[in-house]
Amino acid sequence: MEIKKILVPIDGSDASERAFREACFLAEKTDAEITMLYVMDPETLIPAYKELPEHPEDPFIKKGEAILDIYLADAPKDVKAEKKVVFGMPGNSIVSESEDMDLIVMGNSGKGSISSFVMGSVSHYVVHHSECPVLIVK
């Protein structure tokens with residue numbers, strides 16, 4: 001398997017930090033490019049507004065870009081990395097953005113099986129719906 005494009009979903013958590021570091025390690029070894037993806041979940045935006053504006057994602061794009069800029073600054077100099085911010089449901093968005101990727105490297109939130117069953121799990125969704133391999137980093 002040749003790895004040239006790696007997608008790394010980033011949410012600012014410790015789990016995504018570990019996944020990013022693993023993706024950088026793999027990118028250095030394979031000369032792959034990393035795409036860091038920040039997904040703005042509309043369900044988290046609704047409580048921020050009394051009335052939902054026409055384009056609710058606009059004020060949050062800068063937040064996502066700021067988070068990705070922190071990771072971009074920490075990327076090794078020889079790793080090609082780019083950032084992308086999208087608006088949508090995390091699992092669906094990650095799978096959609098992975099169409100041209102060779103590998104997805106993502107963190108596991110560490111929720112227990114009962115919590116994952118009740119609340120759902122983005123990593124579980126991605127593993128079962130992605131057409132490319134997925135590496136879950138604990």
Side-chain angles (χ1 to χ4, degrees):
M1 178 175 118
E2 187 175 27
I3 300 172
K4 291 297 173 193
K5 293 183 179 182
I6 302 172
L7 180 67
V8 186
I10 303 286
D11 63 5
S13 67
D14 290 342
S16 65
E17 171 73 25
R18 290 188 299 275
F20 175 72
R21 295 203 183 284
E22 186 68 27
C24 287
F25 174 79
L26 291 170
E28 285 180 306
K29 298 294 182 194
T30 62
D31 197 30
E33 296 178 9
I34 293 176
T35 299
M36 298 177 298
L37 177 68
Y38 183 87
V39 180
M40 294 177 293
D41 184 349
E43 289 184 4
T44 62
L45 299 182
I46 292 170
Y49 296 100
K50 292 184 180 176
E51 282 185 32
L52 202 59
E54 186 175 337
H55 298 286
E57 68 274 16
D58 291 345
F60 292 89
I61 289 174
K62 288 184 181 179
K63 175 189 173 192
E65 288 178 344
I67 290 171
L68 294 179
D69 283 340
I70 293 167
Y71 286 81
L72 195 56
D74 285 343
K77 301 276 187 249
D78 56 340
V79 171
K80 296 175 217 124
E82 66 178 19
K83 60 184 182 175
K84 187 169 190 177
V85 179
V86 298
F87 183 73
M89 300 303 292
N92 291 338
S93 297
I94 294 166
V95 170
S96 293
E97 294 295 327
S98 71
E99 289 179 4
D100 294 331
M101 298 293 162
D102 300 312
L103 178 67
I104 300 170
V105 179
M106 62 186 299
N108 183 356
S109 66
K111 294 178 183 172
S113 60
I114 293 174
S115 178
S116 292
F117 175 73
V118 173
M119 300 182 72
S121 170
V122 175
S123 58
H124 185 266
Y125 180 89
V126 172
V127 164
H128 287 90
H129 291 90
S130 174
E131 293 188 17
C132 71
V134 181
L135 173 62
I136 303 296
V137 179
K138 288 190 169 202

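Throughout, numbering of the chain's residues begins at 1 and tracks the sequence.
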Stepwise side chain to side chain contact (heavy atoms under 4.5 Å, CB included) test for D11 and V122: CA-CA 12 Å; D11 63 5; V122 175; over 6 Å; no
With the 4.5 Å side-chain cut-off for hydrophobic clustering, are L37 and V127 part of the same group? yes
Out of curiosity, does Y38 fall in the hydrophobic cluster containing L72 (side-chain heavy atoms, cut-off under 4.5 Å, transitive links)? yes
When rounded to the nearest 0.5 angstrom, what distance separates NZ in K138 from OG in S123? 9.5 Å
To the closest 0.5 Å, what do you measure between CD1 (I34) and CD (E82)? 10.5 Å
Evaluate the criterion side chain to side chain contact (heavy atoms under 4.5 Å, CB included) for residue pair I136 and M106; output intermediate values, then yes/no. CA-CA 5 Å; I136 303 296; M106 62 186 299; 3.5 Å; yes
NE2 (H124) and CG (N108) are apart, to the nearest 0.5 Å, by 11.0 Å
Please give me the minimum heavy-atom distance between I6 and A27, naming the atom from each residue. CD1-N, 4.1 Å
Are any of the side-chain heavy atoms of K83 and Y71 separated by less than 4.5 Å? no
Could you tell me the separation between the OG atom of S130 and the CE atom of M101, rounded to the nearest 0.5 Å? 10.5 Å
For a quick test of reading the model, state the closest non-hydrogen atom pair linking A32 to K5 and the distance between them. CB-N, 4.2 Å
Quick check: closest heavy atoms across S98 and I104, and the distance to 0.1 Å? CB-CD1, 3.5 Å
Side chains of D102 and E2: does their closest heavy-atom pair fall under 4.5 Å? no
Is there a continuous path of hydrophobic side-chain contacts, each under 4.5 Å between heavy atoms, that joins M89 to I61? no
Within-4.5 Å side-chain heavy-atom neighbours: F25 and K29: yes
Please round to the nearest 0.5 Å and tell me the distance separating atom CE of M36 and atom CD of E65. 11.0 Å
Approximate separation, where rounding is to 0.5 Å, of L68 CG and S16 OG: 9.5 Å
So, are E22 and R18 salt-bridged, with charged N and O less than 4.0 Å apart? no
Following the transitive rule for hydrophobic clusters with a side-chain heavy-atom cut-off under 4.5 Å over Ile, Leu, Val, Met, Phe, Trp and Tyr, establish whether V137 and I67 coincide in one cluster. yes
V95, D100, T35 screened by side chain to side chain contact (heavy atoms under 4.5 Å, CB included) with L7, the one that passes: T35
Per side chain to side chain contact (heavy atoms under 4.5 Å, CB included), I3 is matched among V105, D31, T30 by T30
Quick one, V39 and E97 - any side-chain contact, counting heavy atoms below 4.5 Å? no
